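Some notes on the structure that comes next.
To find a chain, count down the sequence lines: A is the first, B the second, and so on, and within it residues start at 1. This structure is a prediction, so every number in the text was calculated from the model and none was measured.
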Amino acid sequence: MRNLDKARGNPPDIDLSDLNPAQREAVCSVDGPLLVLAGAGTGKTRVITCRVAWLIAQGVEPANILALTFTNKAAREMKERIAGMVAPQVAEQVLACTFHSFGARLLRRHISRLGYTESFDIADEYYCQDLIKMILGELSLRGKEGVSPERYKHEVSRAKNRLLNPADIDEKTTSWPLAFAEVYSRYLERMKAMNMVDFDDLLVLVVHLWRDFPSLLEACRKQYKYLLVDEYQDTNHTQFVMTSMLAGSRANLCVVGDDDQSIYGWRGAAVGNILDFQNHFPGARAIRLEQNYRSTTTILEAANHVIANNGKRHVKALWSQQGEGDKITVVRAENESKEAEFIADLIRERLAVRGGSLRDFAVLYRSNHLSRPLEQAMKQADLRYYLIGGRSFYQRKDILDALSFLQLVWNRFDDQSLLRVLNVPPRGIGGKAVERLLELRKLSGRPLQELLVEDEFVNTLSSAAGAAVRELADCIERYRRRFGQPGGMAEKIRAYLADIGYLDGLMRLYRDRKEAANRRENVLELINSAADYEERSGSASDLGGFLETFALRDQNDRVENASATDSGVGLMTVHAAKGLEFPVVIVAGMEADLFPHHNSLKEGGMEEERRLFYVAATRAREELYLTHTVKRRVQGTPRIQRPSLFLREIPVRHSIETDPENAFQAASSEEAADYMRKLKEMFSVEP
DNA sequence: CCTAATTGACTTTTT
DNA sequence: GTCAATTAGG
């Protein structure tokens with residue numbers, strides 16, 4: 001092995017003495033492509049950050065380093081940790097960001113070469129779905145057998161990530177949905193006309209850019225000579241192409257990941273990327289990190305045993321020195337509310353026995369809707385909690401409407417947002433009027449915002465509606481000018497939403513005063529986050545930038561009750577828990593059809609579900625509880641539930657089975673004594 | 001022609 | 001319990 005420090009003859013300034021030999025090797029191997037297979041809890045983040053710091057200590061320009069991650073959180077964490085190892089001004093020059101924001105950054109500078117303008121908007125999922133609905137309507141496909149907007153959206157994404165054009169779609173030989181090529185091509189056309197890009201475009205368009213303009217690729221290669229990719233097992237085909245284009249034959253490429261934790265196959269992640277890394281990049285080295293610093297051997301052995309049932313994988317032998325620890329407790333509850341109550345009781349009990357704080361606990365589940373009973377039980381038991389993801393803030397109707405109003409101002413070509421809020425609050429513009437508007441667009445090819453004020457359209461409306469429409473268009477125009485001036489963005493947003501009648505409209509729209517107040521509260525929250533953004537980005541803040549950070553927010557940024565993050569119990573899906581760890585983890589809903597989920601049992605889905613369970617189990621440091629119910633209400637009707645298949649895959653010697661009534665007796669007598677002592681102490685305080 | 005109230009259907013995971 | 005599509009009034 002040829003190390004940079006040997007080549008240059010100077011010793012590293014970074015202290016690597018805390019690292020184990022495999023970790024040290026992963027940090028210092030710089031002679032060609034490198035694959036670091038980092039099992040759960042083996043210090044992956046540490047290795048990446050050390051590698052970056054070490055490269056810098058070897059004299060590498062920090063600005064030549066690019067670290068790509070999947071979540072904003074991971075990127076943020078990496079930046080912070082690098083800043084802790086080298087001078088903050090130096091760390092700042094390293095580019096650590098998500099694939100998507102890297103794409104956005106590049107496109108903001110060069111997208112005009114592809115026929116968009118640099119002020120393009122990023123469409124979120126719901127926006128895309130609305131558009132697809134509309135296209136399906138135009139083609140009279142709605143309501144037909146097997147036609148759902150979700151399905152088409154998913155397939156559009158799949159096609160894009162395989163870098164396919166509508167012309168490449170062969171509906172006969174492969175299982176594309178009805179008239180998919182036509183829907184796909186209309187979708188692309190419409191998005192481009194509106195100067196909008198979707199999430200996939202942020203990657204796909206970069207590939208197009210690099211393909212069509214080699215000089216741009218060359219410039220990027222020159223800039224980013226040292227590449228790191230985190231969570232490589234989650235890369236999709238486009239991301240693989242991006243990575244290999246950028247790496248070329250000269251760059252220093254290091255990817256880190258764990259095939260056993262690949263849980264985004266449904267989103268197009270190709271596990272093959274990590275399994276075949278050494279074929280894709282000849283001469284690549286692979287280093288395995290197998291010492292786990294997180295979990296007890298009981299938890300680790302159980303997880304290893306379950307995951308061993310999967311066929312295609314890099315075999316790893318994780319081990320740990322954390323001691324045997326407690327057995328895994330499997331608890332059978334009567335129904336979902338009993339399950340949730342038990343979990344709340346359990347958290348109280350464990351807190352009393354072990355001490356520590358509520359943030360040491362996390363409750364994980366397979367799908368979002370399982371959070372409801374848990375939330376209720378937490379409230380009932382008066383336990384602080386925070387909820388990650390789910391149907392929270394971001395996808396609320398009121399927030400989406402407010403954002404649409406903002407997008408209108410920012411992007412005059414944005415027809416879709418206009419259609420969304422045209423009649424919010426009701427202005428007298430119904431289906432017929434919209435139909436006419438769309439007819440006019442078809443004839444003239446002009447953006448809806450322009451057509452809106454044409455006599456040709458307004459004269460067909462009642463005089464009241466006509467006036468309302470002119471008022472609306474005026475307001476947009478007025479604020480477009482105001483937002484063009486720098487400063488005071490949050491306040492402008494507030495004034496705009498008030499002037500356009502949205503804030504008051506909410507009160508009329510929702511008769512229930514409590515709900516109306518709630519919705520208003522949400523919108524004010526949005527304005528607050530605009531103020532936050534403004535504060536952070538200083539004079540450079542503009543509406544476009546704010547909309548972008550909002551669009552690129554990921555699940556982990558969508559925390560409800562954020563103030564509880566430091567002091568409450570975490571409630572989240574297993575997906576959202578990836579990369580996190582907790583002393584005590586409780587996985588709820590360990591039932592057949594739920595986990596593994598019945599929708600994913602075909603084509604390799606089972607193995608991904610098993611990996612998902614593996615991720616869940618390996619989040620736990622000390623204690624792991626798995627709960628399931630006998631009876632659960634599914635879509636309103638009660639159903640008899642069977643325990644999850646995965647429960648049977650845990651070796652019996654590592655677990656004990658019990659129910660809520662006996663769970664606490666099952667704890668070791670030593671602990672019970674300890675608990676009693678503490679209880680007595682608590683009561684003895686009283687006179 | 002638009003709006004409000006009632007019905008009916010659907011809920012895996014997310015950058 | 002939540003949302004969109006359908007239908008009765010205004």
Separation of atom CZ in A:Arg610 from atom C1' in B:dT13, rounded to whole Å
18 Å
Please determine, by modelled atom types, if A:Asn273 and A:Thr235 share a side-chain donor-acceptor pair under 3.5 angstrom.
yes
Determine, for A:Lys44 against A:Glu231, whether the closest basic-nitrogen to carboxylate-oxygen distance falls under 4.0 angstrom.
yes
So the stems of DNA chain C, runs of at least three Watson-Crick or G-U pairs (under 3.5 Å), are B:1-9 with C:2-10
Give a yes/no verdict on base stacking between B:dT12 and A:His597: centres under 5.5 Å, planes within less than 30° of parallel.
yes
Please answer whether the main-chain N or O of A:Phe646 pairs with a side-chain N or O of A:Ser644 as donor and acceptor at a distance below 3.5 Å.
yes
Is a side-chain donor-acceptor pair under 3.5 Å present for A:Gln407 with A:Ser417?
yes
Please work out which residues in residues 265-275 of chain A have a non-hydrogen atom less than 4.0 Å from an atom of DNA chain B and list them by number.
A:Trp266, A:Arg267
Looking only at the side chain of A:Thr71 (C-beta and beyond, no hydrogens), which of the listed nucleotides B:dT15, B:dT14, C:dG1 gets closest?
B:dT15
Of B:dT14, B:dT12, C:dA5, the nucleotide closest to the side chain of A:Asn599 is B:dT12
Rounding to a whole Å, what distance do you find between A:Gln233:CD and B:dT13:P?
20 Å
With sequence neighbours excluded, residues passing side-chain hydrogen bond (donor to acceptor under 3.5 Å, both in side chains) with A:Tyr625
A:Arg350, A:Glu623
Any salt bridge between A:Arg313 and A:Glu607, counting N to O under 4.0 Å?
no
Nearest whole Å is fine: how far is B:dT15 P from A:Gln129 CD?
16 Å
